[in-house]
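What you see below is based on every heavy atom in this structure, not just the backbone, and it leaves out hydrogens, waters and symmetry mates.
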Amino acid sequence: MILYQPTADGLADVKWKVGREWSDEEPFEQTNGIYEIKDDCSVIIDHSPFRKGSTVITFVDEKTGELIDIPDNDNTYLLKSTSGEPSTSEIFYVKSNPCTIDSLNVYDTSCCYTFHTDSKSGWYETPVFEITSQKSDVTEITCKLGWKPSGDANGDDSFDVADIVLLQKWLSGTGEVKFADWKAVDFCRDNKLNAYDLCLMKREYIKRTFKDCVEPENGAIFGAPMQIIADDMKMYLGPDESYPVVTSLPKGVYVNECGYQNNNYMWAYIEYKGQFGWIRMYQKDNETLTVRYEAAVDKPVIYLYPEQETDVHVELDLKDADLSTTYPKYRNGWDVTAYPDGSLLNKADGTHHKYLFWDAVNCRTRYDLSKGFCVAGSDTESFLKEKLTYMGLTEDEMNEFIVYWLPRMEHNKYNLISFQGDTYTDSAKLDITPAPDSLLRVFMTYVPLEDAVNIEPQQLSTFERKGFTVVEWGGSELKN
């Protein structure tokens, strides 16, 4: 049984529902102004324009969930436009947060809404409403808004290349830099400026300037640095020569890959002098590269631990890099006699080794840095000891890893570190005969940074050694 007490206006603002059907009769009994309603009925508050009352709206940032700071002036308001009738609109002034508006007709699903503010830092857009409480005379609504930085760093009421250059100078510490409003370029919304903001700022600039430019399916904040080695390299608005040409790139210039399409290694999305576009990675023969990659695969070493003395053949199949230095010499593979203590006898020249060494240049692998760890340079040693031990390296293997990588990393202010899985193993396959019973391949990528960044922590796996065990470690530094 439901009890309901209507407002002074009587039952004009109430509809009845019996089960799933609307009722023409009033299915209740009234005693002293209290209506006793049958169990199979429900009370529906009518949203007719004739209802009297107020609406309380709370404005929140859709990303942070925090209340939006709203100044007490007449320059902040919610504009309601009737769908299909652009000339018909209502203005509701917002002077506080939460804001009480003397109307129950503020929100209507059939209307379009725009939020206006006079902030030069940016603007809030795409209001999304959620009714949190509804009574006969008061409706409470949460309005979620998305923030869009203006990009106007120098305060000249426009967003252009000059604003991008200003942020670049500030980040590099070259020259005297003064922002008209630094929040206008805080694209990450974390109250600090770093390389992430610059990357997002450049992408937003090209999006607003070249509205027809094809956006990449996958972005790469720390993409591989490349040198143009082809003559008269064209940059297009999309990953096909049918798109318009944006500009030409001179031979020898360096660019960074900023994005790419799924299953398409022929084209790369790049930034050049504040402009974004697409370049061909290969000549029309689909074999000759038009760029030279600066990234390298540094010192992977391979340890072999058979249970008994075993003749082993090891081959490398590099998909996205060019083999550079090997030791002992790689001759269509390595043929060695391996011993349980890890020592190796190279059959080609009779030399003894602890491991097989190789490295590669012109690495074209698109590494995954969506998850990882941001580590202060001074904390690199302890971080590597903890993670490498957890992943399954022995003390000797871990020490050799750290001796090689620590001098490169500990003097950086920060390192963004991510251990690669299938992305690496698919691009550098190992073919070992006889096949090992257990195989561990640890490949670390890292980016030196001036400022700390937030990144989703990477979940690492532990390794169990059993039978004939093969272990490999290596890494690559990615330029920022």
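No hydrogens or angles considered: nothing links the side chains of Y269 and E217 as a donor-acceptor pair under 3.5 Å. Side-chain atoms of Y446 and E477 form a donor-acceptor pair, as typed in the model, at a separation below 3.5 Å. Between the side chains of E241 and W278, not a single donor N or O lies within less than 3.5 Å of an accepting N or O. Residues T288 and D285 bring a donor and an acceptor atom of their side chains to less than 3.5 Å of each other. A donor atom on one side chain and an acceptor atom on the other are not found under 3.5 Å apart for S476 and D298. For T445 and Q420, the side-chain atoms include at least one donor-acceptor pair closer than 3.5 Å. Side-chain N/O atoms of N97 and D69 include no donor and acceptor closer than 3.5 Å. A donor atom on one side chain and an acceptor atom on the other are found under 3.5 Å apart for Q168 and K202.
Between Y355 and Y303, the ring-plane angle classifies as perpendicular under the 30° and 60° cut-offs. The aromatic rings of F115 and Y124 lie perpendicular to each other, with more than 60° between the two planes, well past the 30° mark. Under the 30°/60° scheme for interplanar angles, the aromatic rings of W267 and Y236 are found to stand perpendicular. Ring-plane geometry between H116 and Y77 is classed as parallel, the angle between the planes falling under 30 degrees on a 0 to 90 degree scale with a further cut at 60.
Every residue meeting the salt bridge (charged side-chain N to carboxylate O under 4.0 Å, His left out) condition with K234, not counting sequence neighbours, appears here in chain and number order: D232. In terms of the side chain to side chain contact (heavy atoms under 4.5 Å, CB included) criterion, residue partners of L345 (sequence neighbours excluded) are, by chain and number, T337, Y339, H352. With sequence neighbours excluded, no residue satisfies ring pair (Phe, Tyr, Trp, His ring centres under 6.0 Å) with H313.
Contact check on D396 versus K354 returns no salt bridge, with no Lys/Arg side-chain nitrogen under 4.0 Å from an Asp/Glu carboxylate oxygen. For K192 and E450, the salt-bridge test fails: no basic side-chain N is under 4.0 Å from an acidic carboxylate O. Electrostatic pairing of K429 and E315 does not count as a salt bridge here, judged by no charged N lying under 4.0 Å from a carboxylate O.
Side-chain contact between L323 and L316: present, with at least one pair of heavy atoms (C-beta onward) separated by less than 4.5 Å.
Put simply, the side chain of T132 gets close to the backbone of E140: a donor and an acceptor are under 3.5 Å apart.
Between M233 and I279, the shortest heavy-atom contact is SD-CB, 4.0 Å.
For Y327 and H353, the distance between ring centers is under 6.0 angstrom.
Both tests hold for K319 against Y265: distance to the six-membered ring centre under 6.0 Å, angle to the ring axis within 45°.
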Practice problem: Assess whether ring pair (Phe, Tyr, Trp, His ring centres under 6.0 Å) is satisfied between Y305 and F468, documenting all intermediate values. | Solution: CA-CA 6 Å; Y305 302 104; F468 175 25; 9.1 Å; no

